[in-house]
Amino acid sequence: MSETPPNTLQYRFDGPQEAPVLILAPSLGTTWHMWDRQVPELAQQWRVFRFDLPGHGGAPAYPAGSVSDLAGRLLATLDALGVQRFGYAGCAFGGAVGVELALRHPERVASLALIAASPRFGTADEFRQRGVIVRTNGLDPIARSSPDRWFTSGFAAAQPAITEWAVQMVRTTDPGCYIASCEALAAFDVRAEIGAIGVPTLVLVGSDDQVTGPAEARTLVAGIPDARLAVVPGASHLVPVEQPAAVTDLLVRHFSTAWQPAYDSGTGHTVVPGIPVRAVPAVSQQPPQPVAIAEIAPAPVPEPVQVMGRPDPYDAGLKVRREVLGDAHVDRELSQADDFSGDFQELVTRYAWGEVWDRPGLDRRARSCVTLTALVAGGHFDELGFHVRAALRNGLTPDEIREVLLQIAVYCGIPAANSAFKVAQQVIREETTPTE
């Protein structure tokens, strides 16, 4: 077990101390115990390293604000242990960390397995709304719905003890760390970069995964130069739990045969001991269907425009606008712009969002409070709804929004506040009602 200062992670080792290190990384809402069924066999050949996400499994609740932040904490933990080079298998959120390591620190990763992973997990709006639900209702609604996302219905019915274990795993997670992880996944998008992954990669997915299924897996295989696909039948999102024997066998085959040699001594990296290879039959697989390049190609980046000697704030403004208002709203507004209104949309993005909302003087919670007040004072109830939604995304709770509206009632008048309460009540009901 481990000591865990804020910049490192709670971890454990299994297997021979002299063996090469193989990391098993968890999914959001799970603990290292999701890998319990894989460890006995993997630990015969590797020194298996498992870790818990912040606030998960009793780990200290130091939220990680991004996937790169978590990858940095993992490397700091490994550096303190003297581990320089390793194999890495990660499920879902853990897979995102693996992609980050392979892209930013390729010299550390000998071989990679991405399980139930994707270069982009759903949409940013989905994860930010999940954070709103947790902030308002706690983790219980997410915990109760987890088995539906993680397991096939047949497995959940046949394994009630494992189903209850999954619910309790989520229920006992620190809410703040869970919300931070949702924000990290909302911002994660490496579709334009996965072609730079240079290590042998196994992409493994359950055939019935409705969260990050075979389509997302094929996107990874199409983009990563040295990748192969394995689809496990009869499994959903937490495929290592649902089909442990199949996953164990696939991992043993992959890491036994696709461990990239370390760089030579001239680079300063230590060569790890050789991997004992057992005889295994070839893995049979269907070649992945080609994915249209347009789905994963980066959008053309315009040349930055200089405004008064400074970088053009448009790109920063568009990023902030999407984070605050949501992709769906911004896409709708921009798609409706034409020759008449396009300049106005550009002005709003560049100056309202790129200049003012992106200033460091106030945090986004405070800016939402000011914005709600100004909209009600000006009678702009047609825009109040999506700024109530933005306030929830920015971290205000429904109780705090109510207090803002009560304060508004004193200074802007009862009729204005009455209209504002009706708008806010409807939005809060929509945003904080857990989806079944």
| query | Do you know the tightest heavy-atom contact between Pro26 and Leu53? | reply |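 Shortest heavy-atom separation between Pro26 and Leu53 comes out as CG-CG, 3.9 Å.
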Provide the closest heavy-atom pair for Val134 versus Pro175 in the form atom of the first, atom of the second, distance.
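That would be CG1-CB, 4.1 Å.
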Please determine if [X] and [Y] form a salt bridge, counting it only when a charged side-chain N lies under 4.0 Å from a carboxylate O.
X	Y	value
Asp315	Lys319	no
Arg50	Asp14	yes
Asp79	Arg108	yes
Glu431	Arg135	no

Return yes if some donor-acceptor pair links the side-chain N/O of [X] with the main-chain N/O of [Y] below 3.5 Å, else return no.
X	Y	answer
Glu193	Val190	no
Thr152	Ala235	no
Asp327	Arg322	no
Arg350	Glu355	no
Glu242	Ser236	yes
Thr163	Ala156	yes
His105	Glu100	no
Glu333	Gln345	no
Thr433	Glu430	no

Look at the rings of Trp357 and His387 and say which category their plane angle falls in: under 30° parallel, 30 to 60° tilted, over 60° perpendicular.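 Judged by the thresholds at 30° and 60°, the geometry between Trp357 and His387 is parallel.
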Test Arg332 against Ser335 for side-chain hydrogen bond (donor to acceptor under 3.5 Å, both in side chains), laying out the working first.
CA-CA 5 Å; Arg332 183 169 59 251; Ser335 68; over 6 Å; no
Donor + acceptor pair across side chains of Arg149, Ser146 (<3.5 Å)
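Looking only at side-chain atoms, Ser146 and Arg149 do form a donor-acceptor pair, the distance falling under 3.5 Å.
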Q: List in chain and number order the residues that pass side chain to side chain contact (heavy atoms under 4.5 Å, CB included) with Ser341, two or more places apart in sequence or in another chain; answer none if no residue qualifies.
A: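 Residues passing side chain to side chain contact (heavy atoms under 4.5 Å, CB included) with Ser341: Ala337, Asp338.
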